[in-house]
Structure formats: structure tokens, C-alpha cells
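Here's the structure we're looking at; comments come further down.
These numbers come from the heavy atoms of this one structure, side chains and all, not from hydrogens, waters or symmetry mates. Sequence lines set the chain letters: A, B, ... in the order given, protein chains first and strands last, and positions in each chain run from 1.
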Amino acid sequence: MKNKMVEIPVSGLFSMEECLWFLSRDFDDCMYKVYEDRVRRGFKSSSGIMVVDIYLMPDELVLEWLNVLPSAQDIKAVVEFVSDWLDLNTDLTLFYKILATDKRISYMAKEYSGLRFIGMPDFFEALTWCIIGQQINLSFAYKIKRRLVEQYGEFTFYDGQKYYVFPTAERLAHANISDLRSLQFSEKKAQYLITIAQAFSNGTLSKELLQGLPDLENRIKFLTGIRGIGRWTANYALMKSLKEPTCIPYGDAGLLNALVNHKIIKTKDDKVAIERFLKSFAGWESYLVFYLWRTLSQPKFRSNQLRPS
DNA sequence: TCCCAGGGCATCA
DNA sequence: TGATGCCATGGG
């Protein structure tokens, strides 16, 4: 059987190498596997889990179904997911022009040229990830995420490896706090997660519902009205999942470290300097934050873990 | 051993 | 409205 392949045209600056580097950086994300020139992940379809390779040919991104022949509907869903995940429809030219106006960070345009904003199209996954990641270090957060996915997520085997899809809200809505505690969720995080899963499950919370709200202010207000979702989580989830270009996870520890590293702020509570800096990137704030996070993996910044202000 | 980590909530002044 | 303490545990 010949594998089904679908090409997605990629315009403008795009670097598969940079995107793969980000996807594989230092952490262990259980939702995909990164190989030398490609990323492989599972996608839910009506007939099971499809395993798909994603790699770059000269001017197009190729999706290759490895274990099944997909339906037209499956193809459409995966193309949409990948376009969203790897932010294929953004032209980085203007962003790089704005970067060039600030000598402290202008190097990023060359250093990370073609790096796209890696999103999280599944809004439930994004919010779950936020709850998990609150106030714990990232490597531990990824461990907990893996435990959650392996405990509650569906998977298929391909080439000796397991490929998971993220647990459904319906499944997690019925999880017990004690079960989540055994995965090393804190009591509160377990409560938050179950509450959010129930909201998704009964339809009182969804990506579509949020997209239907009139403006950003309303979306943030709606989200922060839910227990466990504060300003950081609301902004992070809107940025990663709904691709709100102006959303910034204010107070984010990594962002503040990056700003100090680049001497953009002297102390982490310097809100005036942060506002002033961000103002000049209007419309590209989330890309800016994403690139600043990227800098945290640079050796010169990694060895310079900062003391709090 | 100490301090921080891609925070949020309850309480209090 | 802002400050403080607490949650919870791995990692440097």
C-alpha cells in the first residue's frame, strides 16, 4: 500500500530546522516524536488513530499518512491542525523588520530565521497544560503531562512506538482527584483540571464559544471567571491556542528572565519598562514572547539563572 | 539546604 | 487594589 501524501504550500520565511529544534528542545513532549528531518504524531479519526509524518520538501510541507489511508475529512482536519500548529499562514517579514529596530534583540531575526510560533491547536490541551505548568519547573510539568496522557489518552502502535492523542475532556471529567494526586497533581490542580474538563464536556466552555465572544477583553474575562484560570493562564491559552497576537502571559517567569537577560528590564517588577518595550511590538507581542522564550535555551542565558528581584 | 519554577487563590488591610 | 501566605514538589 502506497502511503497517502498531501502537500501544503509554505510561503515566506519558514525553517523546518528551527521548528524541529523548538519541538525537540530540552523537554519531553509526549504528543509527538521528532526525528532528524521530521515530526511524527498521532491524530484522532473516526476509525482510530492516524500516524502522520510531517516534513519539508523544497517549497512545501508534506504530510504522509503512515498507517492508514485517510478520508477526505481526515485530510482536511490534519491539514488544518498542522497549519495552525506550525503557524504556516503568517508572513514573518514585518515581524523581522520590527525586530531590527531594537539592537538588543535584533539578532533573533537572523539567529532563529524562519522559526514559526508553535501553537497548541487543541484548546482543552492548552488549558490543561497551563494548569499543569503553573508554578512548577518545565521538566516536571512535562513529566506530569506524560503521566496524564499515558493514563487517560488513547494510543496506537506504529513501528514499535506508541502514538497518543490527548485525553478527551469527557474522560478527564470523570477522573477522581485521588487518581490525579497519584500522578503528582496537587489537590488544587486536580480540582481545576476536573472542573475545566467538565466545562468542556458539558459544552459551557469551548474554543468556538470563546471565538464567538465580541472581543479579547470579554474572552479574558470569561476565562478568568473559571477557577484555576488567572491572567497568566488566560493569556497563555489565548496566545497558544486562539493565536491572539497581542496576548502576553504577564508575569511569566521565563519571559521575565529573558527580558532581564537582554537588559530590557533591570528588575522583574519593572512594569513600566516592560510596557514601554512591548508597546513597540504592537500586533506581534506573542511572536516576540515566543522568540524570547527561544533565547532561554541559549547556553549563555541558561548558565545565568537569575535571582528574583 | 535553599530557592526557584512558563501561578492562582484566599485573606486581610 | 495590592501585599502576603499557602499550595506542591522537582531540579539546580
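Rounded to a whole Å, the CG atom of A/Asp269 is 17 Å from the C1' atom of C/dT1. Nucleotide B/dA5 holds its P atom 13 Å from the CZ atom of A/Phe27, rounded to whole Å. In this entry the distance linking NZ of A/Lys188 with C1' of C/dT9 reads 15 Å, nearest Å. A/Ile131 places its CD1 atom 15 Å from the C1' atom of C/dA8, with the value rounded to the nearest Å. Computed from coordinates, the A/Lys189 NZ to B/dG7 P distance equals 9 Å when rounded to whole Å. Atom pair A/Leu223:CG and B/dG8:C1' shows a separation of 14 Å (rounding to whole Å applied). Summarising the geometry, the separation between OH on A/Tyr192 and P on C/dC7 is reported as 12 Å, rounded to the nearest angstrom. Protein atom CZ of A/Arg231 is 13 Å distant from nucleotide atom P of C/dT1, rounded to whole Å.
Using P as the reference atom, B/dT11 and C/dA8 are 16 Å apart when rounded to the nearest Å.
Closest-nucleotide positions on DNA chain C for A/Gln135 and A/Lys143 were compared, and the one nearer the 5' end corresponds to A/Gln135.
Closest contact between the side chain of A/Lys268 and the listed nucleotides B/dG7, C/dG10, B/dA5 involves B/dA5. Minimum atom distance to the side chain of A/Arg181 is reached by C/dA8, of the listed C/dG10, C/dA8, B/dA5. Listed candidates were C/dA8, C/dG11, B/dG7. Nearest to the side chain of A/Glu187 is C/dA8. In this structure, the nucleotide among C/dG10, B/dG8, B/dA10 sitting nearest to the side chain of A/Arg227 is B/dA10.
For C/dT9, neither phosphate oxygen OP1 nor OP2 lies less than 4.0 angstrom from any side-chain nitrogen or oxygen of A/Ser186.
The pair A/Lys145-A/Glu125 counts as a salt bridge, with a side-chain nitrogen and a carboxylate oxygen less than 4.0 angstrom apart. Ion pair A/Glu18/A/Arg294 flagged as a salt bridge, since at least one NZ, NE, NH1 or NH2 atom sits closer than 4.0 Å to an Asp/Glu carboxylate oxygen.
Residue contacts for A/Ile229: at a heavy-atom cut-off of 4.0 Å it reaches the sugar-phosphate backbone alone, with no base atom in range. Using a 4.0 Å heavy-atom cutoff across all strands shown, A/Ile226 reaches sugar-phosphate atoms only and no base atom. Looking at heavy-atom distances under 4.0 Å, A/Arg294 makes no contact with the nucleic acid at all.
Remark: A/Arg41 qualifies as a cation-pi partner of A/Trp85 under the 6.0 Å distance and 45° angle criteria applied to the six-membered ring.
In this structure, the ring of A/Tyr142 has its center no less than 6.0 angstrom from the ring center of A/Phe140.
With a 6.0 Å radius and a threshold of 12 heavy atoms from other residues, nucleotides or ligands, A/Glu17 has its CD atom at or below the threshold.
A donor and an acceptor atom sit less than 3.5 Å apart, one in the side chain of A/Asn137 and one in the base of C/dG10.
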